[in-house]
Amino acid sequence: MDQDFILGDSMRGVRFMLEYEKVEEALREWGVLSTIVVFGSARVREAQPGRRGAWYDEARKFGRLASEKGGALTRNGGKRMNVIATGGGPGIMEAANRGAHDVCAPSIGFNITLPHEQVPNPYTTPELTFRFHYFAIRKMHLAMRASALVVFPGGFGTLDEMFEILTLRQTGKAPKVPIILFDQDYWQSAINLDVFSENGMIDSEDRDLFSYADSAEALWATLIDQGLSPAIAG
């Protein structure tokens with residue numbers, strides 16, 4: 001009950017542990033064995049003109065498709081597989097969670113306390129909706145159960161999260177999982193990876209750490225082709 005003590009500098013390590021353990025307990029209780037993590041801009045809205053509205057629609061379709069086919073709806077030996085997990089906010093995150101919600105599947109929202117943009121969306125499962133203070137613990141939970149990473153167009157936050165996972169893969173600190181970037185034209189315009197490789201900043205094989213897809217159906221097919229294991233319904 002001593003808030004001054006608990007929130008003091010000397011208890012920061014304890015707060016790290018509490019943020020980690022609260023989420024672990026909830027995910028274990030729901031039997032979440034693996035997740036499909038979806039990143040993307042919080043600024044995208046449904047029915048926006050042009051590409052933004054299309055991105056929202058495809059993220060929602062993907063959330064629905066992955067939840068129906070991936071194992072989030074069924075329990076296999078007491079475990080749920082490939083549960084949609086997002087940063088829990090609006091935009092692309094909302095769309096992916098909404099797709100899962102459309103088929104009555106659970107989905108996860110790993111929210112973070114920010115001064116703007118990060119407002120929990122209404123489509124995450126309440127018991128699987130979390131609000132982190134520390135980015136590091138949030139990123140750990142996003143990465144540690146991920147069976148795949150799907151990255152829709154986004155800005156600085158999306159790039160930060162994407163390159164975090166790419167770095168873990170590049171350095172062998174994370175297992176091999178499919179990483180798919182949605183909308184090849186957007187990503188090839190936003191990031192010129194040839195500059196990295198031409199100047200020796202990455203190896204040529206690092207270009208193979210991710211693939212592209214341009215529809216929800218192509219996303220799912222590419223994930224399966226790259227080794228994602230959907231659960232067997234039963």
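Interatomic distance, I84 CD1 to T125 OG1, rounded to the nearest 0.5 Å: 11.5 Å. Rounding to the nearest 0.5 Å gives a distance of 7.5 Å between CD of E161 and CZ of F135. Interatomic distance, H133 NE2 to R138 CZ, rounded to the nearest 0.5 Å: 13.5 Å. Rounded to the nearest 0.5 angstrom, L18 CG and I137 CD1 are separated by 10.5 Å. Distance CG/L223 to CG/L149: 9.5 Å, rounded to 0.5 Å. Once rounded to the nearest 0.5 Å, the distance linking CG of L209 with CD1 of I179 reads 6.0 Å.
Closest of all the heavy-atom pairs between D183 and P153 is CB-CG, 4.2 Å. Nearest heavy-atom pair across S107 and T124 is OG-CA, 3.8 Å. Nearest heavy-atom pair, R207 versus S197, reported as atom, atom and distance to 0.1 Å: NH1-OG, 4.2 Å. Nearest heavy atom pair, residue V83 against residue P106, reads CG1-O, 3.5 Å. Scanning both residues, A148 and L228, for their nearest heavy atoms gives CB-CD1, 4.2 Å. Of all heavy-atom pairs between I224 and P230, the closest is CD1-CD, 3.8 Å.
Considering only residues two or more places apart in sequence or on other chains, R45 meets the salt bridge (Lys or Arg N to Asp or Glu O under 4.0 Å) condition with none of them. Evaluation of the side chain to side chain donor-acceptor pair (under 3.5 Å) rule for Q226 yields S211 as partners, not counting sequence neighbours. Judged as a ring-ring contact (aromatic ring centres under 6.0 Å, His included), and not counting sequence neighbours, F39 has no contacts. Taking the side chain to side chain contact (heavy atoms under 4.5 Å, CB included) definition, one finds that E24 meets it with Y20, E21, R28, H141, M144, R145, sequence neighbours left out.
Y56 and L181 end up in the same hydrophobic cluster when Ile, Leu, Val, Met, Phe, Trp and Tyr side chains are linked at under 4.5 Å. Linking Ile, Leu, Val, Met, Phe, Trp and Tyr whenever their side-chain heavy atoms come within less than 4.5 Å leaves F130 and M17 in two separate clusters. Using a 4.5 Å cut-off between side-chain heavy atoms of Ile, Leu, Val, Met, Phe, Trp and Tyr, with links allowed through other members, L193 and I165 fall into the same hydrophobic cluster. At a threshold of 4.5 Å between side-chain heavy atoms, the hydrophobic network of Ile, Leu, Val, Met, Phe, Trp and Tyr places M201 and M162 in one connected group. When the side chains of ILVMFWY residues are joined at heavy-atom separations under 4.5 Å, either directly or via intervening members, I202 and V195 end up in two distinct hydrophobic clusters.
For the pair R60 and D57, the salt-bridge criterion is not met [side-chain N within less than 4.0 Å of a carboxylate O]. A salt bridge does not link D206 with R169: every distance from a Lys NZ or Arg NE/NH1/NH2 to an Asp or Glu carboxylate oxygen is 4.0 Å or more.
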Checking side-chain contact (heavy atoms from CB on, under 4.5 Å) for the pair D185/R51: CA distance, chi angles, key distance, verdict?
CA-CA 11 Å; D185 287 344; R51 299 165 81 185; 4.2 Å; yes
Please test E29 against E127 for side-chain contact (heavy atoms from CB on, under 4.5 Å), starting from the C-alpha separation and ending with a verdict.
CA-CA 10 Å; E29 185 172 328; E127 295 86 353; over 6 Å; no
Please evaluate residues F163 and I191 with respect to the criterion side-chain contact (heavy atoms from CB on, under 4.5 Å), reporting the C-alpha separation (whole Å), side-chain torsions for both, the decisive distance (0.1 Å), and the verdict.
CA-CA 12 Å; F163 278 110; I191 307 171; 4.1 Å; yes
Checking side-chain contact (heavy atoms from CB on, under 4.5 Å) for the pair R15/L7: CA distance, chi angles, key distance, verdict?
CA-CA 8 Å; R15 295 197 298 276; L7 298 176; 4.1 Å; yes
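Side-chain atoms of N82 and S147 include a donor-acceptor pair closer than 3.5 Å.
A donor-acceptor distance shorter than 3.5 angstrom exists from the side chain of T113 to the backbone of F132, with no hydrogens or angles considered. No donor-acceptor distance shorter than 3.5 angstrom exists from the side chain of D203 to the backbone of E205, with no hydrogens or angles considered. Although no hydrogens or angles enter the test, the distance criterion places no donor-acceptor pair under 3.5 Å between the side chain of R64 and the main chain of V103. In this structure, E58 contributes its side chain and A216 its backbone to a donor-acceptor pair below 3.5 Å. Between the side chain of S41 and the main chain of R43, a donor-acceptor pair closer than 3.5 Å is present. Listed for the D214 side chain is a donor-acceptor partner under 3.5 Å among the backbone atoms of Q184.
Applying the ring pair (Phe, Tyr, Trp, His ring centres under 6.0 Å) test to pairs two or more places apart or on separate chains, those with a residue in residues 165-194 are W55-Y186, F152-F182. Counting only residues at least two apart or in different chains, ring pair (Phe, Tyr, Trp, His ring centres under 6.0 Å) contacts with residues 192-213 comprise F210-Y212.
A tilted orientation is assigned to the rings of W220 and F62, their planes being inclined by 30° to 60°.
For M11, the CE atom is densely surrounded, since the number of other residues' heavy atoms within 6.0 Å is greater than 12.
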